[in-house]
Amino acid sequence: MSKLRGIVSLMREAEKTADIKSSGKIYTFNYEVVENGETEALFEGLEVAFETNKDNEVLSVIPNRNQERPDYLKYLEVAKDVRSCVFDYFSAFDELLQKYRNIDANAPQVDFLRMRRFLLTAYNDIRDIDGNIIDKSLNTLRSEIDKIFRYFSEFKIKSNYSVKYAYEKIFLTQQPNYNALVEKITHAQSMITRATLQEKPLALQIKSKEKKLASFTDTKSKAYFVFEKNLKSMRKRYADLVYYIGKQRELLAKLLRVRVIFIERFFTNFKSIYTPLVKEFEEHLILVLNIKAAELDANLWASAKQSRLVRNFFIKSGIVGTYSSKTFLKYYLRNIDRQKAGANSQKLFALLEYLESISAKNIVLIRRTFDVATSNKELLEKFDHQLQIRIIRDVEDIFKTPKKLKDKPIKIDLIMVEFEALGLTCYPFIERYRKELDNSASPTIFCLLTREISPNLMAQGRKLGITHFLNSYCTDEEFIDAMREIL
């Protein structure tokens, strides 16, 4: 190994390497070999001791800690960390996200960006059919979604820069020392420009006066003496000006190097924090939009199905299916040939496929006879072929299935249970289901079928969260109308 001394001649912050000039030779080293990892102590012009192997590879670098750091290196100090810069830049969006920081990520969601246009179209169409449906709460929810979407659109614009541009716009501009450095560079450039503009005319004036001085015949005269004195003064002024320009250029070169070092030094750290942070912001905004869109969609159709005008519209238009965006979109597309459809219609067909994929509901039928249950199943499949329907004879089966599928339990959306099929065990069954299997964020709907719907039976049922009651001897039309209401 060889022990040498030299001066750091060039630093490459982006690559974390630097050059040492020693006895006319250049040695390149990686920051990792700096003693005690003190890379912050490095600067161009720093005296160092270093060791090399026989192949002239630098094995270690020891900075001269007693060497005074140049004043311009103070500009390399960072006053504000990356997270603070990013949060300040996106402060408006952060405030919005803070408002929804406790939003339940398990709440029902729809893909807002995919569904936005049709959801708003359905909203407007339903309002046109029956204006009374759009009450204050629905209007407020629609306005809330519009506001969040405006924020999201602005966020996408502000976050759509390249990382390098974002680094300059978000991080560098919020660093007082960097701004002072840029100001110093601008000032030095301005001074050089002004001095250079003075230097050329002054050089020409001196050359002209030198010719005139040479033309004097009487070099002993007072006029010659005064003229020569003025010329000497101009020469001194010119020499001072050239010296000043040289020093300013030297300073500018150092400041420009410091700016390069500053830019390179913190970029990797900025990128590692900025990119996932922006992604986190975007995902949270989309989560809020998806949840709010699902809320608007559910509330809109919950109100619509109570409207006599909407119900009549569905009947007159021959619309079959639940009161939902999926059914309404099918109605929109009923006369369009997908093979001949344009780009916008193709998007609607794709949206329909998406809505069908997320709206498939699981229904369990518990009836007194298998024939009745089968008849119900056929009616429901005709009503909506997306429905997943199971006929259960032994209620214990309903408790076994989720245990077999612990990692991905099947969510049951509706259980239709006939009181006469279970007798007095009906209520204990529902109570046990609520306790062991139900999801409080999205509880299963229970519809109780019975021969006689008495006030006492309804009171008992409501204590267990039963929201729908239906006569077990209802007609097929009444059954489907009830399903349209429930689903």
Side-chain angles (χ1 to χ4, degrees), residues 8 10-18 29-44 46 61 63 69-103 105 148-186 254-289:
V8 176
L10 179 66
M11 294 173 60
R12 306 177 193 84
E13 288 289 339
E15 301 168 18
K16 300 301 179 188
T17 62
F29 69 92
N30 192 293
Y31 282 11
E32 291 177 358
V33 303
V34 178
E35 187 179 60
N36 298 324
E38 295 178 3
T39 56
E40 294 297 322
L42 296 177
F43 58 87
E44 291 176 5
L46 173 68
V61 174
R69 290 170 64 85
D71 287 343
Y72 58 79
L73 292 180
K74 66 185 179 184
Y75 295 118
L76 286 176
E77 296 173 3
V78 171
K80 203 170 182 180
D81 63 51
V82 175
R83 289 185 70 86
S84 297
C85 290
V86 174
F87 275 99
D88 283 353
Y89 180 73
F90 291 119
S91 58
F93 312 112
D94 184 44
E95 288 174 14
L96 179 72
L97 294 180
Q98 287 301 313
K99 179 180 177 182
Y100 297 102
R101 66 183 180 277
N102 294 323
I103 197 164
I148 300 169
F149 182 65
R150 282 197 305 273
Y151 271 76
F152 176 77
S153 300
E154 290 170 18
F155 172 81
K156 289 295 289 180
I157 293 171
K158 294 189 76 171
S159 64
N160 204 31
Y161 308 127
S162 68
V163 178
K164 285 189 175 180
Y165 183 72
Y167 177 56
E168 181 179 344
K169 189 174 183 66
I170 298 172
F171 181 75
L172 296 181
T173 57
Q174 293 192 62
Q175 300 302 327
N177 287 339
Y178 179 79
N179 291 331
L181 174 62
V182 171
E183 191 175 325
K184 191 83 172 175
I185 289 171
T186 303
K254 288 178 180 178
L255 293 175
L256 288 172
R257 279 297 303 152
V258 173
R259 185 173 71 175
V260 169
I261 291 170
F262 192 110
I263 291 171
E264 291 182 346
R265 177 167 290 185
F266 306 106
F267 176 72
T268 302
N269 185 48
F270 173 83
K271 184 179 180 180
S272 68
I273 296 173
Y274 172 77
T275 303
L277 204 54
V278 166
K279 186 179 180 182
E280 181 183 319
F281 274 6
E282 182 176 347
E283 287 176 350
H284 197 165
L285 281 168
I286 290 175
L287 172 69
V288 173
L289 282 170

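Along the sequence shown, residues are numbered consecutively beginning with 1. Excluded from the calculations below are hydrogen atoms, water molecules and symmetry mates; all remaining heavy atoms, backbone and side chain alike, are included.
Rounding to the nearest 0.5 Å gives a distance of 9.0 Å between CD1 of Ile286 and CZ of Phe155. Between Cys85 atom SG and Phe270 atom CZ the span is 8.0 Å, to the nearest 0.5 Å. To the nearest 0.5 angstrom, Lys254 atom NZ is 10.0 Å from Asp71 atom CG. Rounded to the nearest 0.5 Å, atoms NE2 (His284) and NZ (Lys279) are 15.5 Å apart. With rounding to the nearest 0.5 Å, the separation of CD1 in Ile148 from CG in Leu285 is 8.5 Å. We find the CG-CG distance between Asn177 and Leu73 to be 11.5 Å, quoted to the nearest 0.5 Å.
Applying the ring-ring contact (aromatic ring centres under 6.0 Å, His included) criterion to Phe262, with sequence neighbours excluded, gives Tyr178, Phe266. Under the side-chain contact (heavy atoms from CB on, under 4.5 Å) criterion, Ala79 pairs with Gln175, Pro176, sequence neighbours left out. Taking the salt bridge (Lys or Arg N to Asp or Glu O under 4.0 Å) definition, one finds that Lys158 meets it with nothing, sequence neighbours left out. For Asn179, there are no side chain to side chain donor-acceptor pair (under 3.5 Å) partners two or more places apart in sequence or in a different chain. In this structure Phe43 satisfies the ring-ring contact (aromatic ring centres under 6.0 Å, His included) test with no other residue, sequence neighbours excluded. For Glu44, the side chain to side chain donor-acceptor pair (under 3.5 Å) criterion is met by Arg257, not counting sequence neighbours. Judged as a side chain to side chain donor-acceptor pair (under 3.5 Å), and not counting sequence neighbours, the contacts of Thr17 are Arg12. Among residues two or more places apart in sequence or in another chain, the side-chain contact (heavy atoms from CB on, under 4.5 Å) test is passed with Thr268 by none. Glu280 pairs by the side chain to side chain donor-acceptor pair (under 3.5 Å) definition with nothing, not counting sequence neighbours.
In this structure, Phe152 has its ring center at least 6.0 angstrom away from the ring center of Phe281.
Residue pairs meeting the salt bridge (Lys or Arg N to Asp or Glu O under 4.0 Å) criterion with at least one member in residues 163-172, sequence neighbours excluded, do not occur.
Lys80 and Phe171 make their closest contact through O-CE1, 3.6 Å (heavy atoms, listed as atom of the first residue, atom of the second, distance).
Between Arg265 and Glu40 there is a salt bridge, with a side-chain nitrogen of the basic residue lying less than 4.0 Å from a carboxylate oxygen of the acidic one.
In this structure, Ile273 and Val86 have side chains that are not in contact, with every pair of non-hydrogen atoms separated by 4.5 Å or more.
Ser272 places a side-chain N or O within donor-acceptor distance of the main-chain N or O of Asn269, the cut-off being under 3.5 Å.
Applying the ring-ring contact (aromatic ring centres under 6.0 Å, His included) test between Tyr167 and each of Phe267, Tyr89, Tyr161, Tyr274 identifies Phe267 as the sole match.
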Quiz: residues 90-103 side-chain donor-acceptor pairs under 3.5 angstrom, not counting sequence neighbours:
| residue | atom | partner | partner atom | Å |
| --- | --- | --- | --- | --- |
| Ser91 | OG | Asp88 | O | 3.3 |
| Tyr100 | OH | Glu144 | OE2 | 2.4 |
| Arg101 | NH1 | Gln98 | O | 2.7 |

Output a table of donor-acceptor pairs, distance under 3.5 Å, between side-chain atoms of residues 30-37 and any protein atom two or more places apart or on a different chain; print 'none' if there are none.
| residue | atom | partner | partner atom | Å |
| --- | --- | --- | --- | --- |
| Asn30 | OD1 | Glu32 | N | 3.0 |
| Tyr31 | OH | Glu13 | OE2 | 3.2 |
| Glu35 | OE1 | Arg65 | NH2 | 2.7 |

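Residue Lys184 places its NZ atom among 12 or fewer non-hydrogen atoms of other residues, nucleotides or ligands, all under 6.0 Å distant.
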